[in-house]
Amino acid sequence: IISGDNVAYDGDYVISMGGNHNVLHGVGLIHGGNIQTEYLSNNYRTRGISIFGQYNTIDSCWVRGMTEGIVLSGTSPRYHKIRWNRVHNTVNNGIICGGSNDGTTSYMAVLIQGNNVDSCGEDNIQFQPGTDPYSYDKNKGYVIRENYLARAYENAIDRKGAAFVVVENNIIHTANSDDDGWVNGSEDWGTGPLIERGNPETINEYYCLDRGNAMWDGPGGITISHGGQFINNLMANNRRKLSVSNTSDSTEDALKDINLEGSSTTRSVLNNILIGQPNHSYVWLWNMETSPLDIDNQLYYDSTGTLRFYYRLSGGTSAKVYGLSAWQSRLNTTYTSFTGRDAHALSANPLFVNFPFRPYNYNASWDWSLDAGSPAIGAARCWTFASGAGSPSTSLVVDNPYVFTDGFGIVQGDSIDIDGDVRRITSINYSTSTITLSSGASWSDNDSVWFYTAGARVTNLGPYANVTTVVDTGGDP
C-alpha cells in the first residue's frame with residue numbers, strides 16, 4: 001500500500017484490525033510523499049495500523065511515513081503480539097500503547113518483540129493512560145524485549161501512566177545520521193531520557209522492570225519511578241544535550257531518581273555497567289535521603305575522566321562527589337534508608353569484546369560481551385532473597401518480587417535458581433511478595449534467589465544477552 005504523491009486524509013487508519021485471533025503478516029504501508037510538508041504543515045494525523053480486540057498478531061510488516069506507526073487500543077486483556085516489524089520514519093510515535101478506554105484493569109498481556117523502530121519524531125514506543133490519567137491500573141502488563149529502538153526525537157520509551165512493563169534485552173540509542181530522516185538529511189536528535197516515566201507530578205509509571213538492555217548516546221539514560229527495577233543493563237555515553245551534539249555541560253545525567261521521596265516501595269539499581277560519562281553524573285539522587293533504594297554491584301568506568309555522582313537533599317541545592325570511594329562514603333553517611341549502598345561497586349575497565357566507551361549511532365561489529373579477564377565476570381549479586389524457609393513448597397516469599405515477572409499470560413514466567421533448585425515462575429502476588437513455582441523446592445531463610453536464563457544463573461554484570469540480529473538499518477524494502 002503505497003502513496004507516492006499525496007497523503008492519506010487526516011484521521012485515516014490505513015489498516016484497522018479488530019475482532020479476535022487475526023494475523024496481519026508481511027504488509028507494507030509506505031507513504032512516499034513529503035512528510036514534513038504534508039504532515040507537519042497540515043497537521044495531519046494518519047495512523048498506519050490500529051489494532052484492538054483480543055489475541056491478534058502483527059508480524060513482519062513494514063510501516064513507514066505515517067504520523068503514528070502502530071496503535072494499540074481497546075479493552076483489557078488484549079493478548080496481542082507485535083513481532084518482527086519495521087516501523088520507520090514516523091512523524092510522531094512508532095508504537096502507541098493506549099490504555100483501556102472502558103476502564104478495565106486486567107493486565108494487557110501484550111508482547112512487543114523483535115521490532116526495528118527508528119527515526120520517530122516523538123517516541124519509539126509511547127504509553128498513554130486510559131480513562132483515568134492518574135491511575136496506572138488502566139495500562140499494565142507489557143513485555144518489550146529484543147527490539148532495536150533508535151533515533152527518537154524525545155524518548156525511546158515513554159511510560160507515562162503505565163505499570164508492570166518489562167523492558168528486556170533491547171538495543172536503545174539515539175544518534176544523528178540515519179538513512180532518510182523525517183525532515184530529510186541528518187538529525188541531531190534527543191530531548192529526554194532514553195526511558196522516561198512521564199510527568200512525575202501527574203502521570204507517572206509504576207513497578208516497571210528494566211533488565212539486560214544496552215543503552216547509549218541519549219540526553220539522559222533513564223528515570224526510575226515508583227517501584228522501578230534497573231538490573232544488569234549497560235549504559236554508555238549519555239551526554240547528548242537536548243537537541244544538540246554531545247556536550248561537556250554537566251546538567252545531563254545517565255541515571256536518575258528524581259522527586260520520589262516518600263515512595264514506600266523499594267527500587268533496585270543492581271549489577272549495571274555504566275561507562276563514558278566524564279563530565280556528567282552516573283547517578284543523580286534527588287530528595288532521596290528517606291526513600292528506600294537497593295543499590296549495589298555497579299561497575300563505573302571512564303577512560304578519560306573522574307567519576308561524578310550528583311545528589312540533592314530535600315530543600316537544599318545540588319551537590320556532587322568525585323570518585324567511587326567518595327560516592328560510597330556519601331551513601332553511608334546520608335542515605336541510611338538505602339541498602340547495599342554500592343559497597344561492592346567497581347571502578348574498572350569492563351573489558352568488552354568490542355565496544356567503544358563513547359558509542360554513538362550503531363555499528364554491526366560491536367559486541368558488548370565480556371572478554372576473558374573482565375572484572376565484571378562473576379561480580380553480580382542475586383536479585384533478591386528468600387523471606388522464610390520452604391521445605392518443600394511451591395510458594396516462595398521474597399524480599400523484592402518486582403525483579404521478576406510471571407509473563408502476564410502472554411509469555412512464560414521467569415526461571416529462578418534458589419539453593420540449586422531451578423524452577424519456573426507461574427504467578428506472582430506482588431501484594432504479598434509471594435512467587436508460585438512450577439513445582440516444589442526447598443530453601444532456607446535469606447537464601448539467594450538468582451535469575452536463571454540460557455542454562456545458567458546470571459552472575460556477571462551488564463546485559464546477559466547480546467541481541468544484535470534484530471538490527472536492520474537498511475532503507476525501504
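These numbers come from the heavy atoms of this one structure, side chains and all, not from hydrogens, waters or symmetry mates.
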Going through the checks in order, is the side-chain hydrogen bond (donor to acceptor under 3.5 Å, both in side chains) test met by T90 and N92?
-> CA-CA 5 Å; T90 61; N92 291 335; over 6 Å; no
Can you check side chain to side chain contact (heavy atoms under 4.5 Å, CB included) on L370 and I273, steps first, answer last?
-> CA-CA 11 Å; L370 301 175; I273 297 177; 4.2 Å; yes
Go through the steps to decide whether Q298 and L274 satisfy the test side chain to side chain contact (heavy atoms under 4.5 Å, CB included), and finish with yes or no.
-> CA-CA 7 Å; Q298 269 62 242; L274 296 95; 3.6 Å; yes
Could you give me the CA-CA distance, side-chain angles and deciding distance for I58 and M17, then say whether side chain to side chain contact (heavy atoms under 4.5 Å, CB included) is met?
-> CA-CA 10 Å; I58 301 174; M17 186 171 73; 4.2 Å; yes
Would you please test W368 and V353 for side chain to side chain contact (heavy atoms under 4.5 Å, CB included) and show each step?
-> CA-CA 6 Å; W368 47 87; V353 171; over 6 Å; no
Apply side-chain hydrogen bond (donor to acceptor under 3.5 Å, both in side chains) to S76 and T104, showing your working.
-> CA-CA 6 Å; S76 66; T104 50; 3.0 Å; yes
Step by step, work out the ring pair (Phe, Tyr, Trp, His ring centres under 6.0 Å) result for H80 and F52.
-> CA-CA 9 Å; H80 295 327; F52 47 100; 8.7 Å; no
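At least one side-chain heavy atom of M288 sits less than 4.5 Å from a side-chain heavy atom of F338. Side-chain contact between H88 and N116 is absent, with no heavy atoms from C-beta onward closer than 4.5 Å. Side-chain contact between T105 and K138 is present, with heavy atoms from C-beta onward closer than 4.5 Å. Side-chain contact between N272 and M235 is absent, with no heavy-atom pair separated by less than 4.5 Å. No side-chain heavy atom of Q113 sits under 4.5 Å from any side-chain heavy atom of V411. Here the side chains of N124 and R151 are not in contact, with every heavy-atom distance at 4.5 Å or above. Within the 4.5 Å cutoff, side-chain heavy atoms of I195 are placed close to those of M215. The shortest distance between side-chain heavy atoms of T405 and R211 falls below 4.5 Å.
Considering every non-hydrogen atom in both I82 and N115, the closest pair reads O-ND2, 2.9 Å. Here the closest non-hydrogen pair linking N56 and H21 is OD1-N, 3.2 Å. Minimum heavy-atom separation, P463 to N233: CD-C, 3.9 Å. Taking each heavy atom of T384 and D399 in turn, the nearest pair found is OG1-N, 3.5 Å. The shortest heavy-atom contact between I416 and L396 is CD1-CD2, 3.8 Å. M108 and S100 get closest at one heavy-atom pair: CE-N, 3.4 Å.
With Y107 as the aromatic partner, K140 meets the cation-pi criteria of under 6.0 angstrom to the ring centre and within 45 degrees of the ring axis.
Note on ring orientation: taking the six-membered ring where Trp is involved, the planes of F164 and Y207 are parallel (angle under 30°, cut-offs 30° and 60°). Using a 30° and 60° split on the angle between ring planes, H226 and Y206 fall in the parallel class, below 30°. The aromatic rings of Y362 and W216 sit parallel, their planes meeting at an angle under 30°, below the 60° perpendicular limit. Note: Y464 and W383 have tilted aromatic rings, judged against thresholds of 30 and 60 degrees for the angle between ring planes.
Here the straight-line distance linking atom OG1 of T426 with atom CG of L437 works out to 7.0 Å at 0.5 Å rounding. Remark: F230 CZ to L293 CG distance equals 12.5 Å, nearest 0.5 Å. Considering CG of N170 and CG of L149, their distance stands at 5.5 Å, rounded to 0.5 Å. Note: F355 CZ to S369 OG = 11.0 Å, rounded to the nearest 0.5 Å. In this structure, CD1 in I51 is found 7.0 Å from OG1 in T57, a value given to the nearest 0.5 Å. For the atom pair CG of L209 and CD1 of I231, the computed distance is 6.0 Å after rounding to the nearest 0.5 Å.
Side-chain atoms of Q229 and N400 form a donor-acceptor pair, as typed in the model, at a separation below 3.5 Å.
The main-chain N or O of Q126 is never found under 3.5 Å from a side-chain atom of D158 such that the two would form a donor-acceptor pair. Between the Y430 side chain and the S433 main chain, no donor and acceptor come within less than 3.5 Å of each other. When atom types are taken as modelled, the side chain of N271 and the backbone of L461 share no donor-acceptor pair closer than 3.5 angstrom. The backbone N or O of I112 sits less than 3.5 Å from a side-chain atom of N147, completing a donor-acceptor pair. No donor-acceptor distance shorter than 3.5 angstrom exists from the side chain of N169 to the backbone of N213, with no hydrogens or angles considered. Proximity of a side-chain donor or acceptor of D123 to a complementary backbone N or O of A152 within less than 3.5 Å is not detected.
Partners of Y300 under the ring pair (Phe, Tyr, Trp, His ring centres under 6.0 Å) rule, at least two apart in sequence or in another chain, are Y282, F309. Applying the salt bridge (charged side-chain N to carboxylate O under 4.0 Å, His left out) rule to D294 yields the partners R381; only residues at least two apart in sequence or on another chain are considered.
Paired with Y142 under the rule ring-ring contact (aromatic ring centres under 6.0 Å, His included), one option of F408, Y79, F127 passes, and it is F127. Put simply, the residue from P350, P359, P356 that forms a side-chain contact (heavy atoms from CB on, under 4.5 Å) with I275 is P350.
Under the 4.0 Å criterion applied to side-chain N and carboxylate O atoms, R358 and D217 are not assigned as salt-bridge partners. Between R424 and D406 there is no salt bridge, since no side-chain nitrogen of the basic residue lies less than 4.0 Å from a carboxylate oxygen of the acidic one.
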